[in-house]
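Below: one structure, written as structure tokens.
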Amino acid sequence: MTDHPAASAARIDCLPDLGRRTLIMGILNVTPDSFSDGGLFASFEAATAHAVELVAEGADILDIGGESTRPGHTAVPADEEMARVLPVLRQAVASVAAPISIDTYKAVTARAAFEAGARILNDVWGLQRDPEIARVAADFAAPVIAMHNRETVDGSLDIVEEMKAFFDRTLAIARAAGIPDGRIVLDPGIGFGKTFEQNLDALRRLGDLKALGFPLLVGTSRKSLIGKLLDKTPRERINGTIASNVMAIAHGADIIRVHDVLAHREAARIADAIMGKAITGTAITGTER
């Protein structure tokens, strides 16, 4: 992995507290087939109400996605993806103060989302699936959350070294498109193209990724990693998810992507206080920002 000293000076305008305290990204899946909440927020009314709820609970970022990326998912054409996300996104832009990220790997969807008011790109293929998406992000000066992913699982890999090589490719693409290192956040992609043991290894070795000098986002919320350890259904995995995210914070995570915002806002506040990070306000309520 190439050294990237400029990344340590990351300053993302729409996320002024990045690096000072743990930020909470609230998940809004407007899909019928998400592994955890598929169909619950597929309607415009349910999705827009949940967007307001997530931000009221303390989400610093609202992440809207229109295609499930669970194992075995069916790919969604861009026109269908946009039909799902754009009405909700436009309403959310008008209704909440938190910046909105668009969860897509398709350039055409990303461009339409930015034109509708999204501020951040969350790409589960780390800019490596659609050759045009990096240029779209650059055109809108959008921060990029670049996730590690693999088409196939290979248990023989040193998964952290694999991530470093993957992120080298991502960063080369980003720079060629004109995206500065300071607008990049890395995501180890827990649950994507990894064995159970590789997922655990990625979490315990977050420090190796943190040493690269980029902010880290971690997403373990309700995933099968938690389910296998606890034998729980997705909606029963909140306790295990909180435990994994507190450990991730201790190992260097700057942003955690979650379904259960308020519980994680409270847990992150305690973790941040113990670690000596900035604490704002005096108490957490359901509406604190």
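Values reported hereafter were calculated over all heavy atoms of this structure, with side chains retained and with hydrogens, waters and symmetry mates removed. Note that the structure is a prediction, hence the values are computed from the model and not measured.
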Q | side chain to side chain contact (heavy atoms under 4.5 Å, CB included) evaluation trace for L23 with I256 | A | CA-CA 6 Å; L23 302 186; I256 52 176; over 6 Å; no

key: Test log, rule salt bridge (Lys or Arg N to Asp or Glu O under 4.0 Å), inputs R269 and D272   = CA-CA 5 Å; R269 185 182 177 93; D272 285 352; over 6 Å; no

d(S101 OG, I61 CD1) to nearest 0.5 Å is 6.0 Å

Those residues at least two apart in sequence (or on a different chain) that pass salt bridge (Lys or Arg N to Asp or Glu O under 4.0 Å) with R119 are none

Please step through salt bridge (Lys or Arg N to Asp or Glu O under 4.0 Å) for the pair D60 and R21, ending with a clear verdict. CA-CA 11 Å; D60 298 289; R21 63 176 177 84; 2.7 Å; yes

Compute whether any side-chain donor of one residue and acceptor of the other, for T31 and N29, lie under 3.5 angstrom apart.
no

For the backbone of F192 and the side chain of K194, can you confirm whether one donor and one acceptor N or O come within less than 3.5 Å of each other? yes

Rounded to the nearest 0.5 Å, the CG atom of L186 sits from the CZ atom of F166 at a distance of 10.0 Å

The side-chain contact (heavy atoms from CB on, under 4.5 Å) partners of A112 (sequence neighbours excluded) come to M82, L86

Separation between CG (L54) and CD (E57), nearest 0.5 Å, reads 6.0 Å

The salt bridge (Lys or Arg N to Asp or Glu O under 4.0 Å) partners of K232 (sequence neighbours excluded) come to none

task: Applying side chain to side chain contact (heavy atoms under 4.5 Å, CB included), run through R175 and D181 and close with a yes or a no.
output: CA-CA 7 Å; R175 289 172 181 152; D181 285 4; 2.7 Å; yes

Does atom CG of D158 have more than 12 heavy-atom neighbours, drawn from other residues, nucleotides or ligands, at distances under 6.0 Å? yes

- prompt: Side chains of V88 and L28: does their closest heavy-atom pair fall under 4.5 Å?
  reply: yes

Closest heavy-atom pair, A98 versus V55, reported as atoms and distance to 0.1 Å, is CB-CG2, 4.0 Å

Grouping ILVMFWY residues whenever side-chain heavy atoms fall under 4.5 Å, the cluster of V246 otherwise contains I238, I242

E80 meets the salt bridge (Lys or Arg N to Asp or Glu O under 4.0 Å) criterion, sequence neighbours left out, with R84

CE of M25 to CG of D187, rounded to nearest 0.5 Å, is 8.5 Å

TODO: Could you tell me whether R222 and D260 have a side-chain N and a carboxylate O separated by less than 4.0 Å?
DONE: yes

So the salt bridge (charged side-chain N to carboxylate O under 4.0 Å, His left out) pairs with at least one residue in residues 92-108 (sequence neighbours excluded) are E67-K106, E81-K106, D103-R257

Applying side chain to side chain contact (heavy atoms under 4.5 Å, CB included), run through I249 and K277 and close with a yes or a no. CA-CA 11 Å; I249 292 167; K277 292 185 180 181; 4.1 Å; yes

When rounded to the nearest 0.5 Å, the distance separating CD1 of I145 from CD1 of I184 is 10.0 Å

Heavy atoms of V261 and G26 approach each other most closely as CG2-CA, 3.8 Å

Path from M275 to V218 over hydrophobic side-chain contacts below 4.5 Å: yes

Do L229 and F196 touch side chain to side chain, with heavy atoms closer than 4.5 Å?
-> yes

Sorted by chain and number, sequence neighbours left out, side-chain contact (heavy atoms from CB on, under 4.5 Å) with D254 holds for L18, K210, P215, L216

### Residues F214, L171; criterion side chain to side chain contact (heavy atoms under 4.5 Å, CB included); working and verdict
CA-CA 11 Å; F214 292 84; L171 292 165; 3.6 Å; yes

Worksheet item: How about I12 and V185: do any of their side-chain heavy atoms sit closer than 4.5 Å?
Response: yes

Note: D123 and Q128 closest approach over all heavy atoms is OD2-N, 4.5 Å

Check your understanding: Does a side-chain heavy-atom distance below 4.5 Å link E162 with R150?
Key -> yes

With sequence neighbours left out, the residues meeting side-chain hydrogen bond (donor to acceptor under 3.5 Å, both in side chains) with H264 are N245

The salt bridge (Lys or Arg N to Asp or Glu O under 4.0 Å) partners of E151 (sequence neighbours excluded) come to R129

Between A92 and I64, the two heavy atoms sitting closest are CB-CD1, 4.4 Å

### Query
So, N199 side chain and T195 main chain: donor-acceptor pair closer than 3.5 Å or not?
yes

I want to check something: taking the side chain as every heavy atom from C-beta on, are L121 and F140 in contact at a cut-off of under 4.5 Å?
no

Check: Any sub-3.5 Å donor-acceptor pair from E115's side-chain atoms to A110's backbone N or O?
Finding: no

What one should report as the nearest heavy-atom pair of L89 and A113 is CD1-CB, 3.8 Å

Is it true that I24 and M247 fall in one hydrophobic cluster, defined by side-chain heavy atoms closer than 4.5 Å? no

Across all chains, not counting sequence neighbours, the side-chain hydrogen bond (donor to acceptor under 3.5 Å, both in side chains) partners of N239 are none

Residue set satisfying side-chain contact (heavy atoms from CB on, under 4.5 Å) with D201, at least two apart, ordered chain then number -> I159, R204, R205

Between V144 and the options I120, L127, N122, I173, the side chain to side chain contact (heavy atoms under 4.5 Å, CB included) test singles out L127

- Query: In terms of side-chain geometry, is the basic nitrogen of E161 or K164 positioned less than 4.0 Å from the acidic oxygen of its partner?
  - Reply: yes

Hits for side-chain contact (heavy atoms from CB on, under 4.5 Å) against Q91, two or more places apart or cross-chain, chain-then-number order -> F44, T48, S95

Worksheet item: Do L206 and L157 sit in the same hydrophobic cluster, where Ile, Leu, Val, Met, Phe, Trp and Tyr count as joined when their side-chain heavy atoms come under 4.5 Å apart?
Response: no

Checklist line | Pairwise side-chain contact, W125 with M147, heavy-atom cut-off 4.5 Å (strictly under) | finding: no

Between L209 and P188, the two heavy atoms sitting closest are CD1-CB, 3.9 Å

*asked:* Taking the side chain as everything from C-beta on, heavy atoms only, tell me whether I102 gets closer than 4.5 Å to V85.
replied: yes

To the nearest 0.5 Å, atom CD1 of I226 lies from atom CZ of R237 at 8.0 Å

